[in-house]
There are 2 protein chains.
Amino acid sequence: MFSKATEYALRATIYIARKSSEENKLGIEEIAKAINSPKSFTAKILQKLTANNGIISSVRGPGGGFYLSSKAQKRPVRDILHVMEEDGVLGKCVLGLKKCSEAMPCPMHAEYKGIKQQLIQLFEHTTIQQLAHDADKIIPLNKPARH
Amino acid sequence: MFSKATEYALRATIYIARKSSEENKLGIEEIAKAINSPKSFTAKILQKLTANNGIISSVRGPGGGFYLSSKAQKRPVRDILHVMEEDGVLGKCVLGLKKCSEAMPCPMHAEYKGIKQQLIQLFEHTTIQQLAHDADKIIPLNKPARH
DNA sequence: ATAATTAAGGACAAAAATATCCTTTATTTT
DNA sequence: AAAATAAAGGATATTTTTGTCCTTAATTAT
């Protein structure tokens, strides 16, 4: 469904949401290991997600790393797709027609329509935080101890 | 959702289903033009779909071309995906985890599960013929006159 | 100030997907 | 039999995606 880059973006963001805070940032080494992705490639992706006040926050230098602000936690998962320039796939025609619409439907349009709507809804209404919480309920992560 | 190759495969197969018969075969030139795809690349894809008594039938030489047997018409759309080695995407984990399952769910598993099932059902239960008929109802094609 | 740490960014490499071209093979028509 | 037609198949080119490596910039600790 999505490119590897976007899969890594989703996995990384959710992992950061689960384990980091402004007081406890995560390094690229740990993140890539945890989500099982190539380190340097993942670094590029996090750069994208961090750029111009993006979804992920980052700080350089010792004690630095990546974290998610509580504001960012509340953003819909779709925002990650948008940064990765793949939010288009959600609304895209299954047969790849550029002009597929209600007025000019492709042969699969009627059959696929409902699923497409659910997909868009899912990514629009689900927040990063929700996924992080859901995941925590099932497989708790070692979170940093509070001071 | 699918690769270009698979999109072309779906479009081509549906077009052939709509316009061809054993008595009236279609050439690669016409098919590629009709579905707006690169000719030689599409030829490769049709080769795949034709190989070892596959979905599409073909005959070489004058009067030859591609067509769909009435038996092939009744096959599920999923068979096309299978030949293109992309039926995996239907059941795949959204986050790209290889071991995502009920027992070891990814953070999106619960949310995506229902959509995934619908997707599989759609491609499994919809036949090529159904799509061809649906499409004909909306935008009729110039079909060859019967003798 | 200097050294150490960590993300940012540029350049490059490898692999996969997409696309084209040319030759060969099968079939029909002349 | 020869010529013409149309798919099959091989070789190669182009583009995109994925991945690596090295240098630069920012920040902190010594």
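What you see below is based on every heavy atom in this structure, not just the backbone, and it leaves out hydrogens, waters and symmetry mates. Numbers restart at 1 for each chain; the letters A, B, ... are given by sequence-line order, proteins then strands. Fair warning: this is a prediction, and the values are worked out from it, not measured in the lab.
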Heavy-atom protein contacts under 4.0 Å, nucleotides 10-18 of chain C, coded B base, S sugar-phosphate only, - none: BB------B
Please list, chain by chain and in numerical order, all residues satisfying salt bridge (Lys or Arg N to Asp or Glu O under 4.0 Å) with [X], sequence neighbours excluded.
X: B/Lys92; answer: A/Glu7
X: A/Lys48; answer: A/Glu85
X: A/Glu22; answer: none
X: A/Arg75; answer: A/Asp79

Please state how far atom [atom1] in [X] lies from atom [atom2] in [N], giving the value in whole angstrom units.
X: B/Glu7; N: C/dA19; atom1: CD; atom2: P; value: 10 Å
X: B/Glu29; N: C/dC21; atom1: CD; atom2: P; value: 13 Å
X: B/Glu23; N: C/dT28; atom1: CD; atom2: P; value: 15 Å

Near-strand residues of residues 60-71 of chain B, defined as heavy-atom separation under 4.0 angstrom from DNA chain D: B/Arg60, B/Gly61, B/Pro62, B/Gly65, B/Phe66
Could you note down all residue pairs passing ring-ring contact (aromatic ring centres under 6.0 Å, His included) where [range] supplies at least one of them, sequence neighbours left out?
range: residues 52-80 of chain A; answer: none
range: residues 69-108 of chain B; answer: none
range: residues 38-62 of chain B; answer: B/Tyr8-B/Phe41
range: residues 101-121 of chain A; answer: none

Partner residues of B/Gln130 under the side-chain contact (heavy atoms from CB on, under 4.5 Å) criterion, sequence neighbours left out: B/Thr126, B/Thr127
Sugar-phosphate only, base, or nothing, as touched by B/Leu26 at under 4.0 Å among non-hydrogen atoms: sugar-phosphate
Sugar-phosphate, base or nothing in reach of A/Ile28, heavy atoms under 4.0 Å: sugar-phosphate
Given A/Lys19, A/Lys25, A/Lys39, the one that forms salt bridge (Lys or Arg N to Asp or Glu O under 4.0 Å) with A/Glu30: A/Lys19
Any donor-acceptor N or O pair under 3.5 Å, side chains A/Ser57, A/Ser69: no
A/Ser58 vs C/dA8: side-chain N/O to OP1/OP2 distance below 4.0 Å: yes
Interface limits on DNA chain D, where chain A has a heavy atom under 4.0 Å of a nucleotide atom: D/dT18 to D/dT28
